[in-house]
Asker: 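Here's a structure for you.
Keep in mind that the numbers below use all heavy atoms, side chains included, and drop hydrogens, waters and symmetry copies.
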Amino acid sequence: ALLPVFSYLHETGHALVCIADGNEAEISVDIFNGGITLCHGDVSEPFAYKISGGLLAGIVGTTIGIALFRWKIPFIAITTIGIGHLVNAGIEAFADSYFTHGVEWSFFLGLVEFVTFFILLLIFDRKTVSRGMK
């Protein structure tokens with residue numbers, strides 16, 4: 001349920017850099033394929049444009065996740081999405097465009113989010129057993 005919301009937030013990060021350069025941005029989000037931002041014009045800082053989407057969604061997701069630390073399930077779910085977007089930001093900024101648009105990209109990000117989710121479950125969902133004192 002949160003993936004389309006964070007996809008839109010991700011694309012908004014790209015759009016903000018596009019708009020800051022005086023261009024017009026067009027965002028499209030699809031529930032199955034994520035989203036895309038079309039920037040109508042040239043971006044003066046391509047690196048900032050590439051990294052901004054995942055960075056915005058990652059910072060927001062991780063911050064909200066940490067704020068919900070007392071509630072394990074929302075904390076784990078939202079923090080997982082946030083960390084996934086932070087990894088996405090790094091890869092989008094430095095990887096070849098083929099990789100970021102191929103099937104391998106989706107598989108890799110899915111793997112990162114699964115591993116993050118599993119690790120957070122192991123760390124934060126442990127039950128404590130109290131031993132009775134005799």
Side-chain angles (χ1 to χ4, degrees):
L2 293 173
L3 290 178
V5 173
F6 277 91
S7 289
Y8 193 82
L9 188 59
H10 177 110
E11 299 308 327
T12 299
H14 293 304
L16 288 173
V17 173
C18 176
I19 292 167
D21 266 350
N23 301 314
E24 188 176 319
E26 185 180 335
I27 297 175
S28 174
V29 175
D30 183 295
I31 194 163
F32 297 108
N33 300 322
I36 190 165
T37 300
L38 299 175
C39 184
H40 302 288
D42 291 329
V43 178
S44 62
E45 281 293 327
F47 180 80
Y49 181 78
K50 289 178 180 181
I51 201 167
S52 62
L55 202 57
L56 179 63
I59 290 170
V60 169
T62 305
T63 302
I64 291 172
I66 291 170
L68 297 173
F69 183 75
R70 292 188 73 186
W71 300 277
K72 289 180 185 176
I73 292 171
F75 161 73
I76 291 170
I78 295 174
T79 303
T80 296
I81 293 170
I83 291 171
H85 277 278
L86 289 174
V87 170
N88 179 305
I91 294 173
E92 270 189 341
F94 297 106
D96 186 301
S97 64
Y98 165 76
F99 180 72
T100 60
H101 291 95
V103 175
E104 298 88 358
W105 176 244
S106 298
F107 175 75
F108 179 75
L109 284 177
L111 181 63
V112 166
E113 289 190 348
F114 173 78
V115 169
T116 303
F117 181 74
F118 192 70
I119 289 171
L120 289 174
L121 277 177
L122 289 175
I123 293 171
F124 294 104
D125 200 34
R126 292 188 179 176
K127 306 258 188 255
T128 56
V129 177
S130 60
R131 296 179 184 210
M133 302 285 276
K134 291 186 180 187

Asker: Does one hydrophobic cluster hold both Ile19 and Ile51, with members joined at side-chain heavy-atom distances below 4.5 Å?
Answerer: no
Asker: Give, for atom OG1 of Thr116 and atom CG of Leu111, the distance between the pair rounded to the nearest 0.5 Å.
Answerer: 9.0 Å
Asker: Working to the nearest 0.5 angstrom, can you tell me the gap between Leu16 CG and Thr12 OG1?
Answerer: 6.5 Å
Asker: Hey, what do you get for CG (Asn88) to CZ (Phe6), rounding to the nearest 0.5 Å?
Answerer: 13.0 Å
Asker: When the side chains of residues 74-87 are checked against the rest of the protein, which donor-acceptor pairs come out under 3.5 Å, sequence neighbours left out?
Answerer:
residue, atom, partner, partner atom, Å
Thr79, OG1, Phe75, O, 2.6
Thr80, OG1, Ile76, O, 2.6
His85, ND1, His10, ND1, 3.2

Asker: Do Val5 and Ile66 belong together in a cluster built from hydrophobic side chains that touch within less than 4.5 Å?
Answerer: no
Asker: Can you tell me how far the CD atom of Glu11 sits from the CG atom of Leu56, to the nearest 0.5 Å?
Answerer: 11.0 Å
Asker: Looking only at non-hydrogen atoms, find the nearest pair between Gly13 and Ser52 and report the distance.
Answerer: O-OG, 3.0 Å
Asker: With a cut-off of 3.5 Å and sequence neighbours excluded, list every side-chain donor-acceptor pair involving residues 40-48.
Answerer:
residue, atom, partner, partner atom, Å
His40, NE2, Glu26, OE1, 3.0
Ser44, OG, Asp21, OD1, 2.9
Ser44, OG, Asp21, OD2, 3.1

Asker: Which pair of non-hydrogen atoms, one from Ser7 and one from Val29, has the smallest distance, and what is that distance?
Answerer: CB-CG1, 3.9 Å
Asker: Atom CG of Asn23 and atom SG of Cys18: how far apart are they, to the nearest 0.5 Å?
Answerer: 4.5 Å
Asker: Within this structure, what is the NE2-CG distance for the pair His14 and Leu38, rounded to the nearest 0.5 Å?
Answerer: 11.5 Å
